[in-house]
**Q** 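Before I ask anything, let me first share the structure, which is written out below as structure tokens.
By convention in this document, chain letters (A, B, ...) are assigned in the order of the sequence lines, proteins followed by strands, and residues within each chain are numbered from 1. Note that the structure is predicted; figures quoted are calculated from it, not measured.
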Amino acid sequence: MKYKEYKQSISQLSTQVNQEILAFWKANQVFEQSVTSREGKPTFTFYEGPPSANGTPGIHHVMARTIKDIFCRYHTLKGKQVKRKGGWDTHGLPIELQVEKELGITKEDIGKKISVADYNKKCRETVMKYKDQWDELTEKMGYWVDLQNPYITFENKYIESCWWLLQQLYNKGLLYQGYTIQPYSPAAGTGLSSHELNQPGTYKMVKDTTIVAQFKIKGTPNDYFLAWTTTPWTLPANTALAVGKDIDYVKVKTHNQYTNQPVNVIMAKALMGKILGNKYVNRNDTEEEKFAGKIPYVVCEEMKGEELLGIEYEQLIPFAQPLENAENAFKVIAGDFVTTEDGTGIVHISPTFGADDFRAAKQAGVPPLTILDEEGKEMPLVDKQGRFVKSVKAQFDAYFDNSELKNKYIKPNYIKPEYEEKESAKENYLPSDVLISIMLKEQNKAFKVEKYEHTYPHCWRTDKPVLYYPLESWFIRTTALKDRLVELNKTINWKPESTGTGRFGNWLENLVDWNLSRSRYWGTPLPIWRTEDGKEEVCVGSIEELISLGFLSKEKANEYFDWDNLDKSNLSNALDIFPMSSTGRYISLQEIKRVVPDLESKLDLHKPFADDIVLIKHGLILNRVPDLIDVWFDSGAMPYAQWHYPFENQDIFKANYPADYISEGVDQTRGWFFTLHAIAGLVFDSVAFKNVVSTGLVLDKDGEKMSKRKGNVINPFEAIERYGVDAIRWYMVENSDPWDNLKFNLAGVEELQRKFFSTLQNTYNFFAMYANVDNYEIDEFNVMPYEQRSTLDRWVISVLQNLIETVDKAYTDYDVTKAVRAIQDFVCDQLSNWYVRLSRKRFWIGEMTADKLAAYQTLHECLLVTAQLMSPVAPFFAEWLYKNMTDNIREKAKAKNTPLQYDSVHLTYFTEPNKNLIDKDLEQSMTLAQSICSLVHSIRKDKKIKVRQPLQKILIPILDEATKAQIEAVKDLIKTEVNIKEITYISDDSGILTKKIKPNFRELGKIYGKQMQAIAAEISKMSQADINRLEKEGEFIVYLNGNASKLTLKDVEISSEDIAGWSVAKDGNVTVALDITITDELREEGIARDLVNRIQNIRKDKGLEVQDKIKVFIQEGDKAVNMAIRKHAAYISGETQATVLELLPQVAQGEELEIDDWKVRLEVAVG
RNA sequence: GGGCUUGUAGCUCAGGUGGUUAGAGCGCUACACUGAUAAUGUAGAGGUCCGUGGUUCGAGUCCACGCAGGCCCA
């Protein structure tokens, strides 16, 4: 058997194909070949966004990796060399958390219950926990990526490249130390990550003293801004007030409720009711302090927030002055975060204690309120223990004339246990918020003080409220090159475009400096060493540099290298040990290297080693800044670090930079996409990638996010096992564009399997079965010229060329959905349901003829091209199809160096469409044929005449000659398909056509515009005679409001509607009439065909093979039946491969058949 | 709260530059066909094109404002 036949179900086949092809790829190293065979060809560079192997892969990873895989395979087909280095993302918080969970510890325990070294060792082990599962998925889903030599972000070489990049940034002045306002726990003495803040139970209801403070406008007797705060202790640090530009504000004339002084206060109009409450009464006369027990007020002015901008006010609590730019402080600025939800619509800004505040102040050039500590370092008014600094404390003490400040800690919660007893024991203890309230009330600066219940984040460790506090942080000055980054982004092809212009573009437009610092343990250390005062600072850019500059204390040298016991005979003298009388003895890494030659490989650049190294400069000790860097920097550095650039592989790097293509989830826009872009732009003034597909989410079938809790997670391994990878991959890209969210429904996969893959299987089986019977084998050097092939062949070949073009373009444009839909439509509708169906007879009957040969060659070509076109998406099934179609001639092809010489479809070169074979006219003909057949079927069904009953003719009205010619070209196909004898055409002079006229709105609209309705009405009134005259003369006059308007043919659409006295069906502008008269002759023919059908069924029931011969004996019966058999004996025997067909008076054996209204007894014998 | 995105038949999706009767597949109902047969054909039922307003002779399509879902950011 030359072509293997596959009779199993499609699901069995899919599983089998997966296994066999995978084994084939492995045994023949097909992936490796697909890269090596393109050596020296242009490269198509793909960057793999590294997954983290500390979690298990999910179905969404199948989606993401399918998209990645498709375009790499496609460009391989196009002859490019596509290297794809795999990678692993190995640093970061999720890994730390997992380790902590496994060990049952918290961050607090690190350095106590477990050493940093052991902790990081554990992280290193955990990182690859599920690597096996990932590798298995990669292989099973047919994702081709180099897993043999992946980049791993925790390796020294990788870190070294990161350091080099950081040094580049540092040297350009783009890496600097600054501050960010972060959640900080004074009780624990540590910053909190947003993740820690998102722990359940962190947000608690608390009751705080809140103040609506009065900020006096400069140069006015008693005009005030009102601003509300839930953290009164931040008021001494106030340097600005923020308003919303578009918010409406009012100035209200009234009295202060605590001092009774007349005041004019400004607040948001929308919040006036809430602020004044029922203590106030609206009255024109506000001279009196009280009216009916309430305070009278009146609105005296209204304004927009915009008008308030820049107005200066007097400092509320002048206990300290800004260190710099004091002239820019104490004025009104704009804040996009200002709302009229609560408060006053005017927000008190203390840049040192609020993230929004910090940002808004910075934008407006407003300075923070800071002081210099004893060492001359700038710090906010509150220290890290949560206490006011001495100078502020002294001012409070002075105001309250009290030697021991009652509000030393800004929140009572922060009082350390050892003080608690002492301080709270005092009867007159009051929280600072209360003290400030008292002070402001007395000074006519508090409009309203009240308790307010709200949620506030608490430290999960100490259970005490967090403080938003400025912490030291290292930044990359991305803002310095913002415009360039924006410009570079415009050269990137984003799919979809909106992600690039919208989400990413806006992000770039509103860029802030990249905060690089992370206070963690497992990650790339920031390679900056500095003296305590920050005066000396070194950014290290390589391991070599580290060794040349670094020192280890003697203790550490012993710990890491067993220094005391090493053979140090090579060392010249003790000068190599740097003596520091006060701090101990340090040994330079250079010296250690002399004794430990493979030092580099023994280093671990992670903590704690990196922290244990000191640099010595001008006799000063430089310690490493303890921060780690954002893991996103790791992944953004992969174009360089994956090749250990610039320390190694400079040539490979240059040939593969920037990437032609990357793809990740749209949620990576501000993650990986950004970090790639930022590093490339800042360090190399380049883009990192030219094309990017951002993929959407994979949701469950109801559009819900998949989660373990909901139990709607789809296990990728099970799904693959059950449906095969190809159906899943195909489904994922066919169902919706990759960038839209996908509602993943296994029922849809199943449907696709039935619909598409099963059809393909059947089509192949059909080919294989007959090819084997006829001993057909493709011969690449002896194919029938296309012009000699049948209409049907030329048509399908033409359609195939269109398909190649469409698919090629779609893949080029990263529109994979378009590509697969086109392939699917071709296979199901054009190839299987039209070409094969109409060609069945050609394969079935008789000897090998030229026509039959053409049919084989045509079908072979279609299936082969289909295999190639679909191979990027369904790599297994495509391979299976390709091999089945070509394995039998491989040796010949290799010998002769033909396109089919490749063992795998994935090693072939993309078929070029042959435009000469595209015949648009023929395609239109076939479209007509398809629609005419469909219409005839529809009439037959309506009249209950089965297709097996031949009918005499159909009538097709023809309004132009071109259409007639097109139908003529396919008339035989139509006749066979719908079982009629002849087609006749009628033209409009036959007098039996009823025509319909319709305005061509598109044309008429241009001319008549508003008169459209009227003219449409006129056209609908036209009679048959009018239509005929328009057609004949090419114009027709209608009257609109008495004005003559000339209609021409292009202003209308004319179609034939009906044919008097016929059974008619109509679709678009095709109309068909069917002659439903059944003459005796036709009936006899119908009987013959019925008989053929029944005999075929009997053959099949008996399990006969296609080529088996039979003898048929029929018992005489109904006259018409007898006549039919006699007349059509040759036809019947031919169709059923009967060597004998006899009509006998009596047939004892056999069976009695009932067909319609007649019966027949017959026997079918083998032989 | 902001940016982006989606909303068309029970389900999954098509519907260049506005053109009057909005389509396909699946599912459902009925009928037919049968050497590809767990396939196929024909017909039917099924629509507030998310809503409101606007531009226009004409809006699923363009504009504005909303509503609902999703992602990211605050």
Side-chain angles (χ1 to χ4, degrees), chain A residues 7 9-11 194 244 336-339 341 355-356 359 496 498-507 509-510 665-671 694 696-697 699 701-705 731 734-737 739-745 747-748 750-752 754-756 758-759 761-770 817-818 821 824-825 828-829 832-833 836-837 840-841 843-844 933-942 944-948 977-978 998-1006 1008-1016 1065 1092-1097 1099-1100 1104-1106 1135-1137:
Chain A
K7 295 293 187 189
S9 73
I10 183 65
S11 47
S194 58
D336 52 13
F337 47 85
V338 180
T339 68
E341 293 283 302
D356 275 340
R359 193 166 45 84
S498 60
T499 302
T501 53
R503 188 181 281 211
F504 195 68
N506 290 340
W507 164 248
E509 292 290 346
N510 299 306
V666 68
D667 52 338
Q668 295 287 331
T669 308
R670 287 163 191 197
S694 69
L697 262 65
L699 307 170
K701 62 183 165 58
D702 301 318
E704 300 260 357
K705 214 170 164 171
Y731 169 80
E734 188 269 345
N735 192 268
S736 58
D737 281 319
W739 40 86
D740 288 336
N741 289 349
L742 171 68
K743 290 180 192 165
F744 190 84
N745 190 351
E750 214 171 312
E751 178 188 325
L752 185 74
R754 275 206 318 271
K755 184 109 191 90
F756 176 64
S758 177
T759 303
Q761 178 196 8
N762 279 322
T763 309
Y764 166 74
N765 270 344
F766 176 87
F767 170 84
M769 182 174 73
Y770 288 115
T817 304
K818 209 172 178 182
R821 283 179 182 171
Q824 202 172 313
D825 179 73
C828 295
D829 295 346
S832 171
N833 273 338
V836 173
R837 192 151 58 85
R840 262 149 53 182
K841 273 224 156 53
F843 292 97
W844 170 234
C933 289
S934 163
L935 290 170
V936 175
H937 279 134
S938 146
I939 301 171
R940 277 181 173 273
K941 142 85 174 112
D942 187 46
K944 300 205 190 313
I945 303 168
K946 56 191 173 189
V947 180
R948 237 179 289 143
E977 172 65 9
V978 297
K998 210 175 93 177
N1000 181 342
F1001 286 96
R1002 196 188 285 270
E1003 289 297 324
L1004 290 171
K1006 289 183 209 157
Y1008 295 99
K1010 295 196 185 212
Q1011 292 171 296
M1012 194 71 230
Q1013 302 298 349
I1015 200 147
V1092 168
N1093 167 240
R1094 297 310 164 112
I1095 295 169
Q1096 299 286 36
N1097 283 348
R1099 279 183 62 113
K1100 208 172 155 195
L1104 297 185
E1105 291 301 319
V1106 169
E1135 288 287 312
T1136 59
Q1137 313 236 40

**Q** Checking A/Arg821 side chain against A/Glu734 main chain: does a donor-acceptor pair fall under 3.5 Å?
**A**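 Yes: the side chain of A/Arg821 pairs with the backbone of A/Glu734.
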**Q** Ignoring hydrogens and angles, tell me if any N or O in the side chain of A/Asn745 forms a donor-acceptor pair with the backbone of A/Ala747 under 3.5 Å.
**A**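 Such a contact is found between A/Asn745 side chain and A/Ala747 backbone.
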**Q** Just by protein heavy atoms under 4.0 Å, how would nucleotides 68-74 of chain B read 5' to 3' in B, S and -?
**A** --BBSSS
**Q** Compare every heavy atom of A/Arg940 with every heavy atom of A/Val978, then report the nearest pair and how far apart it is.
**A**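 Nearest heavy atoms, A/Val978 then A/Arg940: O-NH2, 3.0 Å.
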**Q** Would you measure the distance from the C1' atom in B/A22 across to the matching atom in B/U42 and give it in whole Å?
**A**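 Each nucleotide's C1' atom is 22 Å from the other's.
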**Q** Using modelled atom types and a 3.5 Å cut-off, is there a donor and acceptor pairing between side-chain atoms of A/Ser758 and backbone atoms of A/Lys755?
**A**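 No.
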**Q** Please name all residues satisfying salt bridge (Lys or Arg N to Asp or Glu O under 4.0 Å) with A/Arg837, sequence neighbours left out, ordered by chain then number.
**A**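 A/Glu977.
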**Q** Do side-chain atoms of A/Asn741 reach the backbone of A/Leu697 as a donor and acceptor pair under 3.5 angstrom?
**A**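 Checking the backbone N and O of A/Leu697 against the side chain of A/Asn741, a donor-acceptor pair under 3.5 Å is found.
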**Q** Using every non-hydrogen atom in the two residues, find where A/Thr499 and A/Ser694 come nearest and quote the distance to one decimal.
**A**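 That closest heavy-atom pairing would be OG1-OG, 3.5 Å.
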**Q** Between the side chain of A/Asp740 and the main-chain N/O of A/Ser736, is any donor-acceptor distance below 3.5 Å?
**A**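 No, the answer is negative, given that no donor and acceptor are paired below the 3.5 Å cut-off.
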**Q** What contact category does A/Phe756 fall into here, base, sugar-phosphate, or nothing, at under 4.0 angstrom with non-hydrogen atoms?
**A**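 It contacts nothing in the nucleic acid.
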**Q** Which distance, rounded to the nearest 0.5 Å, do you find between the CG of A/Asp829 and the OG1 of A/Thr759?
**A**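 So the gap between those two atoms works out to 9.5 Å.
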**Q** If B/C26 has a Watson-Crick or G-U wobble mate with both distances under 3.5 Å, name it; if not, just say none.
**A**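 By the stated definition (distances under 3.5 Å), B/G10 pairs with B/C26.
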**Q** Base, sugar-phosphate or nothing for A/Asn1000? Non-hydrogen atoms, less than 4.0 Å.
**A**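 Since no nucleic acid heavy atom lies under 4.0 Å of A/Asn1000, the category is nothing.
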**Q** When both hydrogen-bonding distances must be under 3.5 Å and the geometry is Watson-Crick or G-U wobble, what is B/A64 paired with, if anything?
**A**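 Pair assignment: B/A64 / B/U52.
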**Q** When you compare B/U8 with B/C49, how far apart are their C1' atoms, in angstrom units rounded to a whole number?
**A**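 My reading of the C1' atoms in B/U8 and B/C49 gives 4 Å.
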**Q** Would you call the rings of A/Phe766 and A/Tyr770 parallel, tilted or perpendicular, where under 30° means parallel and over 60° means perpendicular?
**A**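 Ring orientation of A/Phe766 relative to A/Tyr770: perpendicular.
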**Q** So, taking the atom named CH2 in A/Trp739 and the one named OG1 in A/Thr817, what distance separates them when rounded to the nearest 0.5 Å?
**A**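 So the CH2 of A/Trp739 and the OG1 of A/Thr817 are separated by 6.0 Å.
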**Q** Let's test this: given Watson-Crick or G-U wobble pairing with both distances under 3.5 Å, identify the partner of B/G1.
**A**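 Its partner is B/C73 (Watson-Crick or G-U wobble, both distances under 3.5 Å).
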**Q** When the P atoms of B/A43 and B/C50 are compared, how many Å lie between them, rounded to an integer?
**A**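 Taking atom P in both B/C50 and B/A43, they lie 28 Å apart.
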**Q** Distances under 3.5 Å only, N/O to N/O: pair up the protein atoms with those of nucleotides 44-46 of chain B.
**A**
none

**Q** Measuring only the P atom in each nucleotide, how far is B/U55 from B/G60? A whole number of Å is fine.
**A**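 Each nucleotide's P atom is 16 Å from the other's.
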**Q** Expressed as a whole number of Å, how far does the C1' atom of B/A30 sit from that of B/U48?
**A**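 Straight-line distance between the two C1' atoms is 29 Å.
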**Q** Can you tell me how far apart NZ (A/Lys743) and CG (A/Leu699) are? Round to the nearest 0.5 Å.
**A**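 Rounded to the nearest 0.5 Å, the NZ-CG separation comes to 8.0 Å.
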**Q** Taking atom P in both B/U56 and B/G69, compute the distance separating them and give it to the nearest angstrom.
**A**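 B/U56 and B/G69 have their P atoms separated by 35 Å.
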**Q** Check nucleotides 37-43 of chain B for protein N or O atoms closer than 3.5 Å to its own N or O atoms and list the pairs.
**A**
none

**Q** Within the 4.0 Å limit for protein heavy atoms, which parts of nucleotides 5-12 of chain B are touched? Write it as a string from 5' to 3', B for base, S for sugar-phosphate only, - for none.
**A** S------S
**Q** Watson-Crick or G-U wobble partner for B/U17, using a 3.5 Å limit on both distances?
**A**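 Looking at the geometry, B/U17 pairs with no nucleotide.
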**Q** Expressed as a whole number of angstroms, how long is the span from A/Phe504:CZ to B/G2:C1'?
**A**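 Atom-to-atom, A/Phe504 to B/G2, this comes out as 18 Å.
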**Q** Roughly how many Å apart are B/C13 and B/G19, using the P atom of each and rounding to a whole number?
**A**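 My reading of the P atoms in B/G19 and B/C13 gives 24 Å.
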**Q** The criterion is side-chain contact (heavy atoms from CB on, under 4.5 Å); which residues satisfy it with A/Asn735, sequence neighbours excluded?
**A**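 A/Tyr731, A/Leu742.
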**Q** Mind calculating the distance between CG (A/Asn506) and C1' (B/G3) to the nearest angstrom?
**A**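 Rounded to whole Å, this separation is 6 Å.
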**Q** My understanding is that a pair needs two contacts under 3.5 Å, Watson-Crick or G-U wobble. By that rule, which nucleotide pairs with B/C33?
**A**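 Because no pair has both required distances under 3.5 Å, B/C33 counts as unpaired.
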**Q** If you measure from CZ on A/Arg754 to OG on A/Ser9, what distance do you get to the nearest 0.5 Å?
**A**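 Taking CZ in A/Arg754 and OG in A/Ser9, the distance rounds to 12.5 Å.
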**Q** Would you measure the distance from the P atom in B/A64 across to the matching atom in B/G47 and give it in whole Å?
**A**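 Taking atom P in both B/A64 and B/G47, they lie 32 Å apart.
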